[in-house]
Protein chains: 2
Amino acid sequence: MSFSFDDYISISIHKTDLAFTQYVKNKLAAFNIAPEQNLIIMLLLKNDGLTQIELAEKLNKDKTNIARMVYNLEQKGFIKRSPDVNDRRSLKVFLTDKGKELSNIVIPIAEEFNHVVTKGITDEELENLKVLLNKMRENLRS
Amino acid sequence: MSFSFDDYISISIHKTDLAFTQYVKNKLAAFNIAPEQNLIIMLLLKNDGLTQIELAEKLNKDKTNIARMVYNLEQKGFIKRSPDVNDRRSLKVFLTDKGKELSNIVIPIAEEFNHVVTKGITDEELENLKVLLNKMRENLRS
DNA sequence: GCAAAATAGTTGCTATAGCAACAAAATATG
DNA sequence: CATATTTTGTTGCTATAGCAACTATTTTGC
């Protein structure tokens, strides 16, 4: 067999992403927030009242997933959805008071996670890494 | 809000992994193979007769997922499971003839995918990238 | 201004992904 | 060698992840 499985950069990236998700999942479990739900919370902390489509675009995800994650967050009482008065197709997503309180939890966890992950890696290396990742995503678009 | 969402390297890696998976999924769809099922096929092409636990270790995944993916591959007729004669707890996973024929499909697709992804990126950059990804995974272990 | 096309969201489907609890078998330990 | 522990695989649960088809709106084009 001429190929070497572990040489594929995609495999390396996939395994890294899995490890990241698992780590964050464990950190957030005590607060009843799943990793992707957490990303939505963080987006809303920066920009409350986004529509589901806007959330989907910012997370590069299918709107179907967003709808289900947002529904779960609503069940948990962290967010509230209300129809856009100017466009009744759209649902605007707002943090509840309970959701806003998560700020004190999720941002420190995200910062600490990022700090742990990037230990021993220079800012320049991180910048190069982001450029390469962007380039690879671009390569798939064309 | 002091954090900047897109600055997290984990987000960049996650989005890249999603893009990769989606691309491969589309390439493989015509052959009735899902992306992760494809990884199992490729591992078996290199090393037929691995047990489910061995597959799980090589893919850094929970054995639960492997069991279900292998079950699906068996339903599709690509693999066959038989108990290990020396250890009746273990199931050894073998490619069927139909599974072996996939070699002509999945390896070219993997090579072509890798070629497209790494366009405009030097071997040295790829090597540095792998080192950084490994370092980040290691950072989470300690 | 009305039909056609586009957009936002939902439902149903399949495929990952991991944890807890379990059964069956193998290994370790006294 | 009998019991305790470990190992392999399964089942049930929850949470992503995306596609196709659908409804309800809004926008476009004529």
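Letters go in sequence order (proteins before strands), and every chain restarts at 1.
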Novice: More than 12 heavy atoms of other residues, nucleotides or ligands under 6.0 Å from NZ of B:Lys76: yes or no?
Specialist: yes

Novice: B:Ile66 has an atom CD1; how far is it from atom C1' of D:dT11, in whole Å?
Specialist: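 Rounded to the whole Å, the gap is 17 Å.
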
Novice: Using whole Å, report how far CG of A:Leu91 lies from C1' of D:dT25.
Specialist: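 In whole Å, D:dT25 C1' and A:Leu91 CG are 12 Å from each other.
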
Novice: Taking only Lys NZ, Arg NE, NH1 and NH2, and the carboxylate oxygens of Asp or Glu, determine whether B:Glu57 and B:Lys63 approach each other closer than 4.0 Å.
Specialist: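 Not counted as a salt bridge, because no side-chain N and carboxylate O are separated by less than 4.0 Å.
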
Novice: Nearest whole angstrom, please: distance from the C1' of D:dT5 to the CZ of B:Arg89.
Specialist: 11 Å

Novice: Between the side chains of B:Tyr8 and A:Glu111, is a donor N or O closer than 3.5 angstrom to an acceptor N or O?
Specialist: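 Yes, side-chain donor-acceptor contact under 3.5 Å.
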
Novice: Map A:Thr64 and A:Asn32 onto DNA chain D by nearest heavy atom, then report which one ends up closer to the 5' terminus.
Specialist: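 On the 5' side of the pair lies A:Asn32.
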
Novice: Assess whether a salt bridge exists between B:Arg141 and B:Glu138, defined as any Lys/Arg side-chain N lying under 4.0 Å from an Asp/Glu carboxylate O.
Specialist: yes

Novice: Quick one: on DNA chain D, does A:Asn72 or B:Ala19 contact a more 5' nucleotide (nearest heavy atom)?
Specialist: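 Its nucleotide being nearer the 5' end, the pick is A:Asn72.
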
Novice: What is the distance from CZ of B:Arg68 to P of D:dT10, rounded to the nearest Å?
Specialist: 10 Å

Novice: Give a yes or no on whether the backbone of A:Ser12 and the side-chain of B:Arg137 come within a donor-acceptor separation of less than 3.5 Å.
Specialist: yes

Novice: Does B:Asp84 or B:Glu36 map to a spot on DNA chain C nearer the 5' end, using the closest nucleotide for each?
Specialist: B:Glu36

Novice: Using atom types as modelled and distance alone, determine if a side-chain donor or acceptor of A:Gln22 lies under 3.5 Å from a backbone N or O of A:Ala19.
Specialist: no

Novice: Pick base, sugar-phosphate or nothing for B:Thr21, based on heavy-atom distances below 4.0 Å to the nucleic acid.
Specialist: nothing

Novice: Considering only heavy atoms of chain B and a distance under 4.0 Å, specify the first and last nucleotide of DNA chain C in 5' to 3' order that meet this criterion.
Specialist: C:dA15 to C:dA26

Novice: Using a 4.0 Å heavy-atom cut-off, does B:Ser90 contact any base of the nucleic acid, only the sugar-phosphate backbone, or nothing at all?
Specialist: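 Contact class for B:Ser90: sugar-phosphate only.
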
Novice: To the nearest Å, how far apart are A:Lys63 NZ and D:dT23 P?
Specialist: 14 Å

Novice: Assess whether atom CZ of B:Phe94 is packed by more than 12 heavy atoms of other residues, nucleotides or ligands within 6.0 Å.
Specialist: yes

Novice: With heavy atoms under 4.0 Å as the rule, sort B:Lys76 into base, sugar-phosphate or nothing.
Specialist: sugar-phosphate

Novice: With heavy atoms under 4.0 Å as the rule, sort A:Asp87 into base, sugar-phosphate or nothing.
Specialist: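 Contact class for A:Asp87: sugar-phosphate only.
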
Novice: What's the CD1-C1' distance between A:Ile53 and D:dT26, to the nearest Å?
Specialist: 13 Å

